Every structure is written in structure tokens, then in C-alpha cells.
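Here's the structure we're looking at; comments come further down.
Only this structure's heavy atoms are used, side chains among them; waters, hydrogens and symmetry mates stay out. None of these values were measured; they are calculated from a predicted model.
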Amino acid sequence: MSFRKDRLTRPIFRWAKTALPAISETEEKAIGAGTVWWDGELFSGAPEWDKLLAMAPARLSDEEQAFMDGPVVELCSMLDDWQITWKDRDLSPEVWDFLKSRKFFGMVIPKQYGGLGFSNTAHSEVVRKVSSASVAAGVTVMVPNSLGPGELMLHFGTQAQRDHWLPRLADGREIPCFGLTSADAGSDAAAMKDHGIVTYGEHEGQRVLGIKLNFDKRYITLAPVATVMGLAFKLFDPENHLGRGESLGITVALLPTSTPGVRHGDRHIPQFTFFQNGPISGRDVFIPLDWVLGGPERIGEGWTMLMTALAAGRSISLPSQAAAAAAMTARLTGAYARVRSQFNLPIGLFEGIQEPLAELAANAYQIDAARRLTVAALDEGHRPSVISAIMKYNATELMRRSVEKAMDVHGGKGIIDGPSNMLGGQHKSVPIGITVEGANILTRNLMIFGQGAIRAHPFMLSEMRALSNPDREKGLEEFDRAFWGHVGHSLANAARTALFGWTGGLAAPAPRGSAFLSHWRQLSRYSAAFSMLADFALLTLGGALKRREMISARLGDILSELYLLGATLKRFETDGRPEADRPIVEYLMQRGYNRMGLAFSGVFVNLPSRWAAVAARLLSFPLGVPLRPPADELVREVADILMRPSSQRDRICPDLYLGEGQPDHPVAVLERAFRLVIEAAPIDKRLREAKIRDGAAAREAGLLSDEEWALFQERDEAVARVVAVDAFAMEDVSPIASQHRKPPEAQADELRAEAAE
């Protein structure tokens, strides 16, 4: 052992200290926030799929289901997205009062503090359904339950802080916001210039030791109406009042927005979505030390708190909104493709429409599969930071593609704004989800694989911590154990990868008794290949991998697909293996292999070390990287799911607000037309066979009964309402037009004068 350490490990240790970056204090805290869960299994190259299948599925309690069936449905029926967006530019006072009185802002707060004490699953389901009715309302509900001070206080607050603030947050007496993003820092929270100085000042008539704050935050949701804010800032103690040196690190404090020096009330307008969002700033704001979240002993722990706060948004809130958008666009577009006709055929029968329809159905199924799996893990107590990044990025990207595909199919109907537009709100909100809580470019290029390689790899974190140990000899001992463990892991994984690769996955393991055994085996094969390729990239690039963001992004794409495809197969098992869902699962698996194949190929082509690239490719894919996309016949089969009423269609697009109680709601209008078109379809077929296109002619020819003729008329009227788009008087649209447009009397006088001439 001593020979190995002194003769073999020591020179490698010296080289590694120059090749691998040391872990900074900030990185250490970020890595320490959250837990390793299924991401660790995927990085191992040998995931135990039985563990995944054994996980209890996400379920609502009876109380939570009653809340969904009662207050949530009632809230949705109160929402008019056109009124919110284009007229009130806010939720109505009645909606705000309802949200507070029914404790929508206190879903995650325990009952002992007056909250609802709901599970992460319930939190997700509520946000999902409300978002299907209104994005602005969905954001308003989700923020106090994820990015608000309530979530942080449960994890880090003192008992006194919890006792004071949580009951007030639960019943809506206080509206929270969380001030994180700085004007010049963006996604790099460590670069924020918002700061506090430990000093003496006056509070409630007494001179006390506290913090003088100066901050300038923007993009803060609920800031214009917030009464209490969590604030992230860098804390300094130049006079060493606390005896801990000058720089104390990122800290979070909780303060009322009425505190002297705090300025708020202005508003940003995020893509004309009009949820409450705006800047909030403070100049020479003095607060006592007790206002630090968790008390003075929590000073400097802000980075851990920030990662905890963001994890909830990344794991629950944004994926739930994305799931709502994906399911809603799938359901609406399938119905519209059946209702809308061109060339005397429903447009959904054209292959150019079937391709986006299939993707819409697949995206809705997959986002919800991954969302359910993730919230089930959260309910078990996991806090997987890497998985939360995977979910945030992939759910919002799939949402983006779904909304774009839906807009393509709806065409002019989708781009004309008005009360009858069903997609406008979702389309406007897409860039918001892409941008917030870690912009997607940053998340894909730096976080998913970059953080995962350190956090979830079996040995990488231990090696990096050993290299950063100030005690060189102790660090060498730690590195010796971790490095040779890593070597053994890599050799075993290379052998496993070669076996799986050269047998086309036939030798790869699959969970006992599961459906789709061949797909489980392929996932095992791809996981082993990913783990080996990750090691090759880390070995040959070292710390330079941080700067090779495109390679890191491709590796992150593979990791993401492994998680999404595993969630897809688990959902099929959890749902009871419905035969009707086999085509959509097959479509998703083939699409996932294609995407992983492109990512693998991208790494093989661009990895600077050619020997490593060639070796990895030969071991993983000796016959070439599979790139085959889903077959056309499968695309047609999946697309058809959305154009027929069925329990399967309802299962893929469940628990959406479809305009119940509002007969003029655009979604209710479409659902009615869809039902009537389906009811009239057998009659249409009979008339086509008789070569009669016009219903009136068929009526005269005696081919339609009175009931059938009434159905035809009702169907045609309903379809016409769906196809119609909104139009507005010039003076209602443009203030300029209203100023220059002449009154009717003046127009009549001009016409009479012209006639007289």
C-alpha cells in the first residue's frame, strides 16, 4: 500500500493538482446542497432498475384530492386570461382574496403553523392545473410555495422566525418574494454587488448591532405586492464585530418591505403575461442581526439556502407549468386538427400535421412521467440537485417545442390575439420558463453534466476534495483511496460497456418481470457507455472540460435522456402497462435513442484526444452509433391518439382546466365542437360514399333525418366558432386611431356632401 501511494499515486497526485481545478468555498457549498439520488445510479454505469421500479408512485391523499376537486377547480373557473392580460393586467381582487382565504400560498407550510401541509406531489398538481387555466395565476401560486421565504424558513429559520412568519404567510396576511437576481450578476449569484455591512444602528429606538444593506434586485416575482422579502447579499464585517474576519460570504435575511429605505412597487412586464414582477431596491437599510434567516449563526450560509430555494422551483414549479403547457397544447391541437378541415379533409389526416401531433403527444406523456417520478423522490426526502437541473432544462425545452408545434398547426388561429385564442398565453410565457431559475443555456452547458460529474460520480468529488486538502499528506492518502477506486470502477465499466456494445445490448441487464425488456437493456447499455465516455472526457480534458461547454452539454444531453427514458418506462409500469400506450412509449424510446446517438457522435467527433474518442466508440458502438428516428407508421399511430376521444387521450392529458362552468371559454368551445364532429363522423362517411358533400342537399334527398340535420347544423355552428378569430374596432386597438377617427355624424355629412356634388 505504501509502495503504491509513494511510487504510483504521488506523481499522479502532483499532476492532478495542476490538471483538475480546486474546489472553491462557493462550489463546495453548492455541491453540498441537495442529495445524490438516481443521478448517482446513472453515473455509475450500472443502474439498478429494480430500485427505480420499486419506488412508490406519486399519489395524492384524500384531503389533497378534495382540494384539487374543490378550491382548485373553483379558482380556475374564476380566471379569465384575456381579462387578466389585456384589461386588468393583474389577477382580480376576488381571485387574490380567494388565493389567500383558501391558503394557496401556504400549501407547503405545515398545519401546525396554519398551512395546508401538502406533499410535493400536491404542490405540483395544483400548480399544473392552475397553470392550464392561466399562466399568471400559476406563477402567483407557485412562487410563495417554492421561491418564497416560507420554503427556506422551514429548512433554515429559527423557531421564533417560524412562529412569527409562517402563520402569516399561510393565511395570506403576508405576501412573500425572494430577492436574488442582481442587475449585473444574472445567473452568477456569486458576482452580486448587493452587500451588507455589520455595524451599529438604531432599531425600534435602541442602538443595536445589525447590518446596513444596499441592494438593487430585478426580475423579482411578486415584488410589487410583497410585504416580506427574503434577500440574498454579500456580508462584510470590516471592523470585525463578529470576530469572524471581514468577508462573511453570501447571507440571506428576512425583512418586511415596509422597512425604511426599501423601495418597491414598480413593475416589469414579462412577455405580456402580467404576473406581478418587478425590481426591488434598498439604500442604507438597517436591520438587526436577528433578521438573518436562521439567526446570526447562519451568516455566510446563503449559497446553500439559494441552492435549496432554486431546487424547489427547478424540480416542482417549472416542470409542473411545463407539464400543463405540454398536455394542454397536445389536447387542443389534436382536437383542432380533427375539427379544422382543408381540401374536404380534417387537417390531422395530412402527414405534415401528424408529425407535430405525434411529438405533442410524446412530450405530454414524457414530461408528466418525469415530473411524477421527481416529485415522488422529493416526497421520499431526496433533494437531487442534478435531477432538478435536468428537469428544469428538459421540461421547459419540451414545453417550448410543444408550443411551437401547436402554433404551427393552429396557424392563423394561433397568432390572432383575443378572447378566443387558446394558445397565445402559453406562447408568450415560453421564454420566461426558459430564462428563469438558471437560464437554459447555462443549465445545459455547465450544470447538468458539470455539476453531475462532481456530485454524482462515484469517485470524482472525493478526488477533488483530496486535491484541495491543505494537509498535503492527508490529501495524498485520501486521493490514493479514491483514485484507485476510480481506476477499478473505470476498468469494470469499460469491460461492461464492451460486453453490452458488442452484443448490441443483449447481454445488458433489465429489471425482472418488466415490460419492454429490450428497452431496459438498451438503457443499461447506454448508461454504461455514458459512464465510460464521461471518464474518458474527464481523464483527457481534466479541468479544461469546464471550458469545453459543447462537449459538456452533449454529455448532459445523454444523462438527461437516460433519466427521461427511465421515467417513461416506469410510468408505463406504474399505469398498469396499458396496451394502448405501447406506441407512445415505443415512439419515445426510439426518439431518445436518436437524440443520445447524436450526442454520442458529437462527443466522439469533437473530443480532442483522438485515441480516447476512437476507443470509446469502438467499445460502445462497434457497428456505428444508432441514429434511426421513429418510423413513419409509428408517427401516424401516435398522432391518431390525440384525434380520437378515448380514456387514453384523457390519461395523456389529465387534470386540465377545460373551461368547465364557462360555456364561452375557448377551450370549452373547442371541446364541444370536437365532440360534435366525432358524433357526426358516421353520417359524414355515409354522405361521402353517396358522393354528396352538402348537408342541405342531403337533407333534400332524404338522406338525413331531422335529428341528423339538427346535429349537422349544430356541428357546423360549433366548428365555425372554433375557426373564427377575434377582431376589434380601430379605436379600441389604437389610441391614435381613436383620436383621428371622425364621429358617425361627421362621416354622414361628408357622404351627403359628396352625393350632392
Side-chain angles (χ1 to χ4, degrees), residues 55-80 91-92 94-146 148 150-151 154 166-173 312 315-317 319-321 323-324 327-328 331 368-369 371-381 571 574-576 647 650-662 665 667-668 671:
M55 273 190 65
R59 291 277 189 264
L60 295 176
S61 68
D62 291 344
E63 181 184 7
E64 292 166 344
Q65 187 62 59
F67 189 80
M68 290 289 299
D69 297 337
V72 174
V73 172
E74 187 176 352
L75 170 64
C76 290
S77 69
M78 297 170 67
L79 299 170
D80 181 337
L91 303 180
S92 69
E94 293 77 16
V95 169
W96 277 106
D97 289 343
F98 188 83
L99 290 172
K100 295 174 183 178
S101 65
R102 297 305 180 96
K103 299 186 178 181
F104 277 85
F105 298 153
M107 288 191 294
V108 303
I109 295 175
K111 291 182 178 180
Q112 69 189 85
Y113 298 107
L116 296 177
F118 281 175
S119 64
N120 294 290
T121 297
H123 174 190
S124 176
E125 293 292 347
V126 171
V127 170
R128 183 182 179 280
K129 181 139 191 171
V130 175
S131 297
S132 73
S134 166
V135 173
V139 172
T140 303
V141 168
M142 82 184 192
V143 167
N145 291 287
S146 57
E151 170 79 8
L154 288 172
L166 290 180
R168 303 172 66 84
L169 290 167
D171 62 20
R173 281 176 288 169
S315 299
I316 303 175
S317 299
S320 301
Q321 283 207 309
M328 201 65 164
R331 187 178 183 99
D368 227 36
R371 177 187 68 90
R372 293 182 195 179
L373 175 60
T374 304
V375 296
L378 295 174
D379 282 338
E380 285 190 355
R571 175 178 177 176
T574 299
D575 288 351
S647 59
D650 293 338
R651 191 171 60 253
I652 293 172
C653 309
D655 299 322
L656 301 171
Y657 179 66
L658 302 176
E660 295 90 343
Q662 301 184 64
H665 192 287
V667 176
E671 288 284 313

Problem set entry | salt bridge (Lys or Arg N to Asp or Glu O under 4.0 Å) between Glu125 and Arg59, intermediate numbers included | CA-CA 10 Å; Glu125 293 292 347; Arg59 291 277 189 264; over 6 Å; no
Problem set entry | Audit row: Arg331, Asp650, salt bridge (Lys or Arg N to Asp or Glu O under 4.0 Å) steps and yes/no | CA-CA 8 Å; Arg331 187 178 183 99; Asp650 293 338; 3.0 Å; yes
For this session: Check the pair Asp368, Arg571 against side chain to side chain contact (heavy atoms under 4.5 Å, CB included), reporting the backbone distance first and the verdict last.
Result: CA-CA 9 Å; Asp368 227 36; Arg571 175 178 177 176; 3.6 Å; yes
For this session: Run the numbers on Arg128 and Arg371 for side chain to side chain contact (heavy atoms under 4.5 Å, CB included), then give the verdict.
Result: CA-CA 10 Å; Arg128 183 182 179 280; Arg371 177 187 68 90; 3.6 Å; yes
Mind listing the side-chain donor-acceptor pairs of residues 653-660 below 3.5 Å, one per line with the distance, residues two or more places apart or on another chain?
| from | atom 1 | to | atom 2 | distance (Å) |
| --- | --- | --- | --- | --- |
| Tyr657 | OH | Glu660 | O | 2.9 |
| Tyr657 | OH | Gln662 | NE2 | 2.7 |
| Glu660 | OE1 | Leu658 | N | 3.0 |

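Judged as a salt bridge (charged side-chain N to carboxylate O under 4.0 Å, His left out), and not counting sequence neighbours, the contacts of Arg168 are Glu174. Considering only residues two or more places apart in sequence or on other chains, Phe105 meets the ring-ring contact (aromatic ring centres under 6.0 Å, His included) condition with none of them. Under the side chain to side chain contact (heavy atoms under 4.5 Å, CB included) criterion, Val95 pairs with Leu75, Met78, Leu79, Leu91, Ser92, Leu99, not counting sequence neighbours. Residues meeting the side chain to side chain contact (heavy atoms under 4.5 Å, CB included) test with Pro167, sequence neighbours left out: Tyr113, Arg173.
Residues Gln321 and Val139 are in side-chain contact: their nearest non-hydrogen atoms beyond the backbone lie under 4.5 Å apart. Two residues are said to be in side-chain contact when any heavy atoms from C-beta on lie closer than 4.5 Å; Val108 and Glu151 meet this criterion. Using a 4.5 Å cut-off on side-chain heavy atoms (C-beta onward), Arg102 and Glu74 make contact. In this structure, Leu60 and Met68 have side chains that are in contact, with non-hydrogen atoms separated by less than 4.5 Å. By the 4.5 Å heavy-atom criterion applied to side chains, Met328 and Val667 are counted as neighbours. Looking at heavy atoms from C-beta onward, Lys129 lies in side-chain contact with Val73 at the 4.5 angstrom threshold. The closest side-chain heavy-atom distance from Thr374 to Ser124 is not below 4.5 Å.
Within the 3.5 Å criterion, the main-chain N or O of Val375 finds no donor-acceptor partner in the side chain of Asn120. When atom types are taken as modelled, the side chain of Lys103 and the backbone of Gly114 share a donor-acceptor pair closer than 3.5 angstrom. With hydrogens and angles disregarded, a donor-acceptor distance shorter than 3.5 Å links the side chain of Asn145 to the backbone of Met107.
With a 6.0 Å radius and a threshold of 12 heavy atoms from other residues, nucleotides or ligands, Asp69 has its CG atom above the threshold.
The two atoms that bring Ala137 and Ser134 nearest to each other are N-OG, 3.2 Å, heavy atoms only. Between Gly138 and Ser131, the shortest heavy-atom contact is CA-OG, 3.5 Å. Heavy atoms only, all atoms of each residue included: Ser315 and Leu378 are closest at CB-CD1, 3.7 Å. The two atoms that bring Asp379 and Ser119 nearest to each other are OD1-CB, 3.6 Å, heavy atoms only. Counting all heavy atoms, side chain and backbone alike, Ala58 lies closest to Ala376 at N-CB, 3.9 Å. The shortest heavy-atom contact between Pro144 and Val141 is CD-O, 3.4 Å.
The aromatic ring centres of Phe67 and Phe104 sit less than 6.0 Å apart.
Applying the salt bridge (Lys or Arg N to Asp or Glu O under 4.0 Å) test to residues at least two apart or on different chains, none of the pairs has a partner in residues 137-146.
With no hydrogens or angles considered, a side-chain donor-acceptor pair links Ser317 and Ser146 at under 3.5 Å.
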